[in-house]
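All chains are named by letter (A, B, ...) in the order of the sequence lines, taking the proteins before the strands, and each is independently numbered beginning at 1.
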Protein chains: 2
Amino acid sequence: MSVTIKDIAKKTGFSVATVSRVLSNKTGFFSQTTAQAIHQAAADLGYKKNMAATELVMQTSNVIAVIINSTKTNFSDQIIMGIQKKAGETGKRVIILYAGDHDQTAQQIALTTALERPLLGILLVSVDLYPDNLQLLKSAKVPFFFISISFEDTKLNYIASDDYQIGYQATKFLIKHGHRKIGLAGLDISPSAHTGNLRFHGYRKALAESGINFQTNWLQTGDYSYEAGVAAMNAYQKGKVSAIVAASDLVGIGILNQAAKIGLHIPADLSVVSIDGTNLCQLVRPALTSITQDFYQMGYLGTTYLISGSNKNAYTEIQICQRASVKKN
Amino acid sequence: MSVTIKDIAKKTGFSVATVSRVLSNKTGFFSQTTAQAIHQAAADLGYKKNMAATELVMQTSNVIAVIINSTKTNFSDQIIMGIQKKAGETGKRVIILYAGDHDQTAQQIALTTALERPLLGILLVSVDLYPDNLQLLKSAKVPFFFISISFEDTKLNYIASDDYQIGYQATKFLIKHGHRKIGLAGLDISPSAHTGNLRFHGYRKALAESGINFQTNWLQTGDYSYEAGVAAMNAYQKGKVSAIVAASDLVGIGILNQAAKIGLHIPADLSVVSIDGTNLCQLVRPALTSITQDFYQMGYLGTTYLISGSNKNAYTEIQICQRASVKKN
DNA sequence: CTGAAAGCGCTTACAG
DNA sequence: CTGAAAGCGCTTACAG
């Protein structure tokens with residue numbers, strides 16, 4: 001058996017009540033001398049608090065559960081950094097649960113694992129909950145916040161980038177660089193895909209503002225993956241577009257590599273701007289110009305809001321990082 | 001208040017004991033009819049088990065805590081996949097805790113967060129524990145296993161690649177391709193760095209076997225990062241080596257990009273083989289030839305061993321994946 | 001097959 | 001400043 005406050009009580013001669021009070025630092029309820037004796041004994045005995053007991057009586061905890069999808073996106077690390085930072089500053093703890101990749105069962109397991117214990121709250125990082133699971137989450141009384149994903153339903157709290165602006169600004173940027181035939185590649189615009197549709201609308205708007213007529217084959221949908229980028233590049237015949245907005249860094253890299261394979265030079269023959277701006281952009285050559293999202297801040301702010309119990313939605317900033325993959329036409 | 005087994009007992013007319021038995025599926029202790037009524041009531045009431053209570057009485061749980069360092073390495077995802085797979089197959093749950101990047105306090109917080117609750121066991125993914133923290137871990141009665149990191153101390157259980165072999169085979173491979181001046185870049189060989197030293201020894205051994213005299217400046221140490229690769233490439237003057245073993249994929253990419261910058265063509269002027277073999281190798285051009293580690297299997301096996309309480313160490317397989325960054329000399 | 005009761009390790013009014 | 005006692009929601013011998 002491990003050592004409990006009862007053992008400390010026995011050793012010091014105080015009651016468990018007093019031991020509990022000093023160990024959980026209920027200041028003002030004990031004297032310095034008492035505290036010292038108890039802390040000493042705790043250290044000597046190698047005491048470790050049993051949080052299961054604490055949570056049981058407190059009906060809450062200082063643990064934030066982060067549920068995250070395990071896609072090959074690589075920006076979740078930055079979001080988690082932001083979360084950890086804020087949590088660390090405020091003495092909260094964080095546990096992370098993988099919800100699989102568009103896997104309803106995995107999602108449900110993650111959610112259940114989280115909900116089965118007292119929790120400060122839940123942060124959902126780019127996981128698009130299935131209706132049943134959303135229901136499950138709502139029915140629990142636990143506060144939650146979505147990060148890096150937005151909804152039409154404004155009753156759902158989220159922190160994300162403004163995807164309409166992302167599509168708009170990426171396109172505008174290419175237009176300013178003299179492009180008129182601009183592709184949009186690798187994103188999902190099925191009816192339920194809010195992010196993809198917003199980006200698409202932003203793209204259309206930018207085109208329209210400059211009097212450019214959208215051509216159907218400029219849009220190459222996909223699932224934000226490297227392979228989607230390769231497929232999109234194949235779909236664009238040589239010369240059909242002079243620039244492409246890639247739905248993610250991976251899509252951008254897929255385009256880059258496939259372009260090289262079919263003998264197209266970037267940015268000489270084709271310009272590319274990718275969305276996300278993770279460190280992958282600087283690993284490849286030419287380095288990818290990107291619409292960079294502030295993932296760290298998303299995590300930090302999401303945690304801040306969750307902790308403070310605020311229920312407003314917010315957008316974090318986006319920024320154009322010019323690197324080497326776009327040329328002036 | 002949320003609904004408890006007491007509520008279900010009241011609603012069905014059974015005792016909490018019976019409710020507990022059917023809900024935790026103590027087969028043989030109840031009739032089908034009873035079970036149905038209770039499950040029905042549980043569903044109607046929206047019952048969710050309070051694991052804090054269960055863990056308190058059981059003094060254990062089916063939760064595996066994974067402690068992982070937050071370096072910019074990108075292979076932990078695969079390890080986690082392997083862990084989740086095995087955990088899923090056996091009905092275990094997994095929570096992940098970030099231990100920072102060589103951050104003693106962050107490590108300690110992660111460890112404490114884990115140890116504060118009943119646990120099936122702990123998996124440490126490429127985290128090199130500070131002595132104090134290792135002590136803390138050992139003093140808890142919880143089983144633990146290291147993944148992707150090995151020790152001289154064989155009392156510590158781990159699953160990793162054979163780093164001596166990694167260094168040996170990478171070097172051997174380059175020798176077979178006709179190289180005699182072979183660099184080793186980006187790894188840490190300070191006395192306490194077990195991995196780096198093993199790889200270095202394997203490298204030396206391969207050199208020696210082919211009667212090649214090691215030159216001090218062939219070794220460029222570092223911290224496995226992209227920047228270490230860049231620095232190493234700068235250190236190798238043009239023509240000093242004809243091939244390089246990169247300590248990680250990121251080091252390899254740093255070499256690739258810096259080589260391009262100073263006008264060296266890979267593999268024409270310089271061959272590179274990187275260690276790890278993550279998907280980054282296929283994202284860059286030329287694609288990196290790599291000594292590929294089986295990270296997924298490490299996670300899977302580590303979890304298997306942890307669950308079964310076995311305490312043997314094991315190596316997972318390594319494999320040479322030929323891509324485009326090595327040429328026959 | 002089922003129930004009454006004790007207990008897991010902690011916290012917190014309540015009374016001093 | 002300190003202690004006795006009740007209670008958090010579960011599980012499990014023990015007795016039927």
Round to the nearest Å and state the distance from Leu56(A) atom CG to dC8(D) atom C1'. 4 Å
Residue-phosphate contact under 4.0 Å: Gln59(A) side-chain N/O, dG7(D) OP1/OP2: no
Min side-chain heavy-atom separation Asp101(B)-Asp103(B) under 4.5 Å: no
Does a donor on one side chain and an acceptor on the other come within less than 3.5 Å for Gln108(A) and Asn133(A)? no
Can you tell me how far apart NZ (Lys312(B)) and CD1 (Ile159(B)) are? Round to the nearest 0.5 Å. 8.5 Å
Parallel under 30°, tilted from 30 to 60°, perpendicular over 60°: which one fits the rings of Phe295(A) and Phe75(A)? parallel
Gap between atoms CD1 and C1', on Ile5(B) and dA4(C) respectively (whole Å): 13 Å
When rounded to whole Å, the CE to P distance for the pair Met58(A) and dG9(D) reads 14 Å
Phe29(A) near the nucleic acid: base, sugar-phosphate alone, or nothing, with a heavy-atom cut-off under 4.0 Å? base
How close or far is atom P of dG9(C) from atom NZ of Lys49(A), stated in whole angstroms? 15 Å
Distance check needed: dT2(D) P versus Gln32(A) CD, whole Å only. 11 Å
Return the value, rounded to whole Å, for the distance between atom CG of Asn50(B) and atom C1' of dT11(D). 13 Å
Please state whether the rings of Phe146(A) and Phe144(A) are parallel, tilted or perpendicular, taking 30° and 60° as the class boundaries. perpendicular
DNA chain C contacts made by residues 8-22 of chain B, counting heavy atoms under 4.0 Å: Gly13(B), Phe14(B), Ser15(B), Ala17(B), Thr18(B), Arg21(B)
NA contact type, Lys6(B), heavy-atom cut-off 4.0 Å: base, sugar-phosphate, or nothing? nothing
Toss me the dot-bracket line for DNA chain D: Watson-Crick and G-U wobble, both under 3.5 Å, 5' to 3', using | for pairs to another strand and [ ] for crossers. |||.||||||||.|||
dT2(C) phosphate, OP1 or OP2: any side-chain N/O from Thr34(B) under 4.0 angstrom? yes
Within the 3.5 Å criterion, strictly below it, is a donor on Tyr300(A) or Gln84(A) matched to an acceptor on the partner's side chain? no
How many Å lie between CE on Met51(A) and C1' on dT11(C), as a whole number? 12 Å
Is the number of heavy atoms from other residues, nucleotides or ligands within 6.0 Å of CZ (Phe30(B)) greater than 12? yes
Rounded to whole Å, CG of Asp7(A) lies from P of dC8(C) at a distance of 11 Å
With rounding to the closest Å, how many angstrom separate the P atoms on dG9(C) and dA13(C)? 23 Å
What pairs with Arg21(B) under salt bridge (charged side-chain N to carboxylate O under 4.0 Å, His left out), at least two apart in sequence or on another chain? none
Evaluate whether atom CD of Glu89(B) has more than 12 neighbouring non-hydrogen atoms of other residues, nucleotides or ligands under 6.0 angstrom away. yes
